[in-house]
Amino acid sequence: MSAYFTFDIIAEDPATHARAGVLHTPHGDIPTPIFMPVGTKATVKGLLPSTLASLGTKILLANTYHLSQRPGSETVAEMGGLHDFMQWHGPILTDSGGFQVFSLGDYVKLTDDGVRFRTVDYDGSYATWTPEENMRIQQLLGADIIMQLDQCPGYPAERSFVERAVELSSMWAERCWKAHTRDDQALFGIVQGGMHLDLRLRSLAHLEACADFCGYGIGGYSVGESHDVMFESLGPLVSEHMPTGKPRYLMGVGNPTTLVRGVGCGIDMFDCVLPTRTARMGTAFSHEGRMNLKNARYAHDAGPIDERCSCPVCTGGYTRAYLNHLVRQKEMLGGILLSMHNIFFLLDLMARARRAIIDGTYGAFLSAWMDSPAAADF
RNA sequence: GGGGAUGUGGCACAGCGGCAACUGCGGCGGACUGUAAAUCCGCUCCCUCUGGGUUCCCUGGUUCGAGUCCAGGCAUCCCCA
């Protein structure tokens with residue numbers, strides 16, 4: 001733990017494992033539970049930082065792999081670090097690029113010492129990372145929270161493969177911890193272990209033993225498994241085994257239902273590309289479930305996306321008919337407005353969850369959500 | 001008036017003897033979970049649909065077989081008068 005970062009738990013729900021807290025960082029306080037919009041290449045596609053702030057965004061994600069390729073971590077550092085570079089002056093978290101090790105699959109080679117990427121999405125050259133090099137890059141980028149380099153095994157996966165991912169991730173966690181020197185950056189370890197609770201616990205135990213991380217990421221979920229499979233190991237891992245005094249970050253999750261259930265297990269932080277990606281594809285979140293605004297049935301619909309939503313889009317007079325038009329015509333404003341709505345939707349969902357936790361009514365909040373028509377749709 | 005070109009599914013195009021017909025657009029629907037994603041995947045003539053029926057401007061013809069070849073229409077476009 002660093003002097004720059006403290007995590008205060010301000011309320012615990014009596015009926016569930018949910019808790020509400022505040023994570024203090026050098027660039028501001030983050031109320032938890034929180035959803036973090038993803039701005040991989042130092043931009044949440046289509047949205048101004050000021051817009052993000054007005055939607056209630058407290059912290060953004062950016063990606064080490066992508067930024068190391070373009071424009072390069074040295075360039076970002078030269079421009080004063082990520083906050084100045086992208087003109088977002090609130091907290092930022094950089095993902096290590098561990099997820100790219102997983103998603104770039106065939107283009108990545110793993111060794112004990114690190115990873116070798118074929119940078120297919122850029123110039124096709126090879127990039128080699130050790131945990132130390134990864135830390136060097138993340139320190140140049142200068143986010144408030146940085147993640148250890150890890151390996152995410154995917155699902156389904158052979159137990160031996162998952163075991164190996166845990167071993168590698170553990171080894172790399174230790175090396176990242178030793179290599180990271182900026183105490184104004186909080187380093188999070190990442191728990192791996194697939195759907196196997198015993199491997200998860202092994203991973204967690206190693207992280208706790210080898211370092212004093214500021215928080216813990218939980219990686220390797222939402223990679224193809226069902227919600228039931230996911231929560232079977234995630235639930236006990238979080239609620240019974242993870243240290244209570246540090247933030248818990250469920251990486252890459254997710255959809256509204258997973259967020260609500262995750263909070264119930266005791267998760268504090270989430271991030272996901274889903275709201276922004278689906279927005280660009282024409283899909284909006286709503287209390288009724290997913291809405292594909294491309295659908296012909298909205299072409300003459302004068303209502304807002306979601307009657308119950310108080311986002312600038314839903315209260316701003318933008319009709320379903322207009323959104324339908326923008327999306328069909330591939331006008332960029334369509335993706336922008338839907339991104340605003342979807343991000344607000346998740347931020348607001350977490351803000352309401354937080355209020356319920358503070359009020360001691362999260363159990364009711366959770367079951368109300370699970371009984372709602374939206375729950376089945378996400 | 002003379003010369004040249006072209007007519008194919010909502011649109012644009014391909015097709016040069018075996019075709020329910022390439023491709024793109026459009027239309028309809030779906031997927032998207034630490035962003036190789038403003039991407040990707042289906043379907044898109046009709047029907048009683050693991051089969052059947054009608055198609056490629058029209059009418060005849062040649063052929064086992066014609067969107068494809070021949071003849072005659074009709075229509076459109078371009079050039080010269």
Side-chain angles (χ1 to χ4, degrees), chain A residues 35-47 59-67 69-70 93-108 117-124 138 143 145-155 169 188 190-192 216-227 230 234 249-259 261-262 267 269-285 290-299 324 326-339 342 346 377-378:
Chain A
F35 175 76
M36 308 183 280
V38 180
T40 303
K41 299 182 183 180
T43 167
V44 176
K45 298 183 196 305
L47 301 187
I59 169 171
L60 286 184
L61 229 74
N63 185 276
T64 303
Y65 167 74
H66 290 285
L67 291 173
Q69 292 302 307
R70 301 279 139 75
L93 180 154
T94 42
D95 182 31
S96 62
F99 186 72
Q100 278 63 43
V101 176
F102 159 68
S103 70
L104 279 106
D106 295 345
Y107 301 103
V108 176
F117 292 93
R118 179 82 194 268
T119 58
V120 272
D121 38 337
Y122 296 99
D123 61 7
Q138 292 202 64
I145 300 173
I146 65 179
M147 303 303 296
Q148 72 153 97
L149 186 64
D150 70 323
Q151 189 203 344
C152 172
Y155 180 87
S169 298
F188 279 32
I190 300 176
V191 181
Q192 287 292 352
Y216 294 103
I218 301 164
Y221 280 116
S222 266
V223 287
E225 79 283 12
S226 69
H227 285 186
M230 170 177 174
L234 178 64
Y249 161 29
L250 182 56
M251 306 181 75
V253 170
N255 68 48
T257 298
T258 324
L259 257 60
R261 290 183 70 178
I267 300 291
M269 304 160 72
F270 303 88
D271 79 283
C272 194
V273 303
L274 196 64
T276 44
R277 179 182 289 171
T278 57
R280 277 177 279 115
M281 313 306 172
T283 302
F285 293 170
R290 290 187 196 209
M291 280 178 67
N292 188 343
L293 267 308
K294 276 189 290 196
N295 288 175
R297 64 174 176 278
Y298 300 120
N324 174 269
L326 293 178
V327 167
R328 279 167 181 268
Q329 291 309 306
K330 301 180 167 66
E331 281 292 337
M332 61 168 114
L333 187 59
I336 292 171
L337 292 175
L338 289 179
S339 291
N342 283 351
L346 294 185
D377 214 19
F378 288 108

Distance, rounded to the nearest Å, where A/N63 contributes CG and B/rA37 contributes C1' = 14 Å
Closest to side chain of A/T278, choosing from B/rU33, B/rC32, B/rA37 | B/rC32
Selection from B/rG34, B/rC28, B/rC32 that lies nearest to any side-chain heavy atom of A/A296 | B/rC28
Look up atom OG1 in A/T94 and atom CZ in A/F188, then write down how far apart they are to the nearest 0.5 Å.
-> 11.0 Å
Separation of A/T40 OG1 from A/L61 CG (nearest 0.5 Å) = 7.5 Å
Hey, is the side chain of A/D150 pairing donor to acceptor with the base of B/rG34 inside 3.5 Å?
-> yes
Taking B/rU33, B/rU35, B/rA36 as options, the one with an atom nearest any side-chain atom of A/V38 is B/rU35
Does the base of B/rG34 carry an N or O that pairs as donor and acceptor with the side chain of A/D95 under 3.5 Å?
-> yes
Anti/syn call for B/rC19, syn if |chi| within 90° | syn
Between the side chain of A/D377 and the main-chain N/O of A/R290, is any donor-acceptor distance below 3.5 Å?
-> yes
Checking A/Q148 side chain against A/I190 main chain: does a donor-acceptor pair fall under 3.5 Å?
-> yes
Does A/R328 put a side-chain nitrogen or oxygen below 4.0 Å from OP1 or OP2 of B/rG27?
-> yes
Which of these nucleotides, B/rU35, B/rG34, B/rA36, is closest to any side-chain atom of A/L61?
-> B/rG34
Tell me which nucleotide among B/rA36, B/rA31, B/rG30 gets nearest to the side chain of A/M281.
-> B/rA31
May I ask you to say what A/T119 touches in the nucleic acid, namely base, sugar-phosphate or nothing, with a heavy-atom cut-off under 4.0 Å?
-> nothing
Side chains of A/N342 and A/T276: does their closest heavy-atom pair fall under 4.5 Å?
-> no
Of the candidate nucleotides B/rG30, B/rU35, B/rG34, which contains the atom at the shortest distance from the side chain of A/N295?
-> B/rG30
Assess whether one donor atom and one acceptor atom, taken from the side chain of A/Y107 and the base of B/rA36, lie less than 3.5 Å apart.
-> yes
Can you name the atoms? Protein N/O to nucleotides 40-44 of chain B N/O, anything below 3.5 Å, with the distance.
none

P-based separation of B/rG24 from B/rA75 [nearest Å] = 36 Å
Strictly by modelled atom types, are A/D121 and A/Q69 linked by a side-chain donor-acceptor pair under 3.5 Å?
-> no
Minimum-distance nucleotide (side-chain atoms of A/D121 versus B/rG34, B/rU33, B/rA37) = B/rA37
